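Side-chain atoms are counted along with the backbone in the values below, which use heavy atoms only and exclude waters and symmetry mates. We count ligands from 1, going down the list as the structure has it; atoms in each ligand are counted the same way. Nothing here was measured: the structure is a model prediction, and the numbers come from that model.
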Amino acid sequence: MARLISVVIPAHNEEENIIVIVDRIEKVFHELHYDFEILVVDDGGTDKTLEVIEDLAKVKSNFFYIEFSRNFGHQPALKAGLDHAKGDCVISLDADLQHPPELFRQMLEKWEEGYEIVYTRRKEDPTLSYKKRKTSFYFYKLLNSLSDTEIEAGTADFRLMDRTVVDVFKNFKENDLFIRGLVKWLGFKQYAIDYIPEQRFAGASKYNLAKMRRLAIQGVTSLSVRPLHTAAYLGFFFSFSALLYIPYVIYAFYSGQEVSGWASLIMTVAFFGGLQLIILGIIGIYIGKMFMQTKSRPNYIIRSTNIPHHR
Ligand code: UDP
Ligand code: MG
């Protein structure tokens, strides 16, 4: 019996893309000797995405969908897909066709060679806007300088995961998901494939600068506590530097020199006031994460699905 491949697609307002991507995936599998299923996760959109996928599910026996009760975000949508896929391996990709399904063949070859995770690396795309390229560049730079788990530039959530990996991942009870970091952290035998991304087929990108920033902060703080260490080191550095003032103060006192240091004083106060707030903020972010995690709410809520018995 042929092995089953699950294809997971998170979709948020992608009405015009679904038909096209399903079509292309089917073409790819037509030339391969695998069974496959497609699982689209409708992440609380406002357009006709749900209608489109419901219609597809009526005519295709290997097409499944999950509808969220609201918009939970890309990462929870991906998690839902992984939780409910039943293939021997799971391939995840975006709905907008920036991730070419034609790469599946190569990914599956590597999987057959024994790699448990086959991830993809986006080659620099000259058609991407300057702003997007720059934000992406700084995103990874910042991420890696602040975190313990290294994330390679250009890796998105376009990857193949073997069943063993998916099962490990399913048991994670993390509230705050940053899947590409988690996957790196998991280990296993990983293989990278470089590819040239295509342009988004229809619709607009759902990631704006604010969302990117949030993802960056989340990326760092959900993978490591290094920012807290940095705060502690800064504290040590400045307290020891402050000790150097003591001889000067004593000298100034005995030599009767007037200290007219209003400017330097106010600058110091403002600087350290700011620094303390930043560090408090960092601590706050981690406390917030603990708070959310202690509630242990689910990552997502399913409103409807055509998956039999919610396997
Ligand atoms: N997405 C989602 N929920 C969201 C935002 C995005 O499921 O809240 C999906 C979206 O439909 C797409 C993928 O995540 O399949 C990547 O989103 P997008 O293409 O907007 O990101 P970009 O490629 O611009 O980084
Ligand atoms: Mg995209």
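- Counting side-chain heavy-atom gaps under 4.5 Å among Ile, Leu, Val, Met, Phe, Trp and Tyr, V59 is found in no cluster with other residues.
- No hydrogens or angles considered: nothing links the side chains of H74 and D43 as a donor-acceptor pair under 3.5 Å.
- With salt bridges taken as basic N to acidic carboxylate O contacts below 4.0 Å, one links D157 and R180.
- When hydrogens are left out, the protein atom nearest atom 6 (C) of ligand 1 is K206 CB, 3.8 Å; that is the closest non-hydrogen contact.
- Pairs passing the side-chain hydrogen bond (donor to acceptor under 3.5 Å, both in side chains) check and including a residue from residues 181-190, sequence neighbours excluded, read E152-K184.
- With salt bridges taken as basic N to acidic carboxylate O contacts below 4.0 Å, none links R163 and D88.
- Of all protein heavy atoms, the one closest to atom 23 (O) of ligand 1 is Q98 OE1, 2.7 Å.
- A donor-acceptor pair shorter than 3.5 Å cannot be found between the side chains of T49 and E15.
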Enumerate donor-acceptor pairs with a distance under 3.5 Å from any side-chain N or O in residues 221-228 to protein atoms, sequence neighbours excluded.
from, atom 1, to, atom 2, distance (Å)
T221, OG1, I217, O, 2.7
T221, OG1, K289, NZ, 3.2
S222, OG, Q218, O, 2.8
S224, OG, L146, O, 3.4
S224, OG, R226, N, 3.0
R226, NE, D148, OD1, 3.0
R226, NH2, D148, OD1, 3.1

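- Summary of contacts: the protein heavy atom closest to atom 1 (N) of ligand 1 is H12 CB, 3.7 Å.
- At the shortest separation from atom 22 (P) of ligand 1 among protein heavy atoms lies S205 OG, 3.8 Å.
- Of all protein heavy atoms, the one closest to atom 4 (C) of ligand 1 is D43 OD2, 3.4 Å.
- What sits closest to atom 16 (C) of ligand 1 on the protein, heavy atoms only, is D94 OD2, 3.2 Å.
- Under 4.0 Å from ligand 1, the heavy atoms of N71 that appear belong solely to its side chain.
- For ligand 1, none of its N or O atoms has an N or O atom of A77 under 3.5 Å away.
- Atom 19 (O) of ligand 1 has D96 OD2, 2.6 Å as its closest protein atom, hydrogens excluded (heavy atom only).
- For the pair K110 and Y115, the cation does not sit on the ring face, since its NZ or CZ is not both under 6.0 Å from the ring centre and inside 45° of the axis.
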Exercise. Under the side-chain contact (heavy atoms from CB on, under 4.5 Å) criterion, do D35 and F29 qualify, and how do the steps go?
Worked result: CA-CA 8 Å; D35 288 335; F29 278 107; over 6 Å; no
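- G87 and E37 make their closest contact through N-OE2, 4.0 Å (heavy atoms, listed as atom of the first residue, atom of the second, distance).
- Of all protein N/O/S atoms, those under 2.8 Å from the Mg ion (ligand 2) are D96 OD2, Q98 OE1, and waters are not counted.
- F68 does not carry R70 over the face of its six-membered ring by the limits of under 6.0 Å from the centre and within 45° of the normal.
- The protein heavy-atom contact nearest to atom 10 (C) of ligand 1 is E14 OE2, 3.1 Å.
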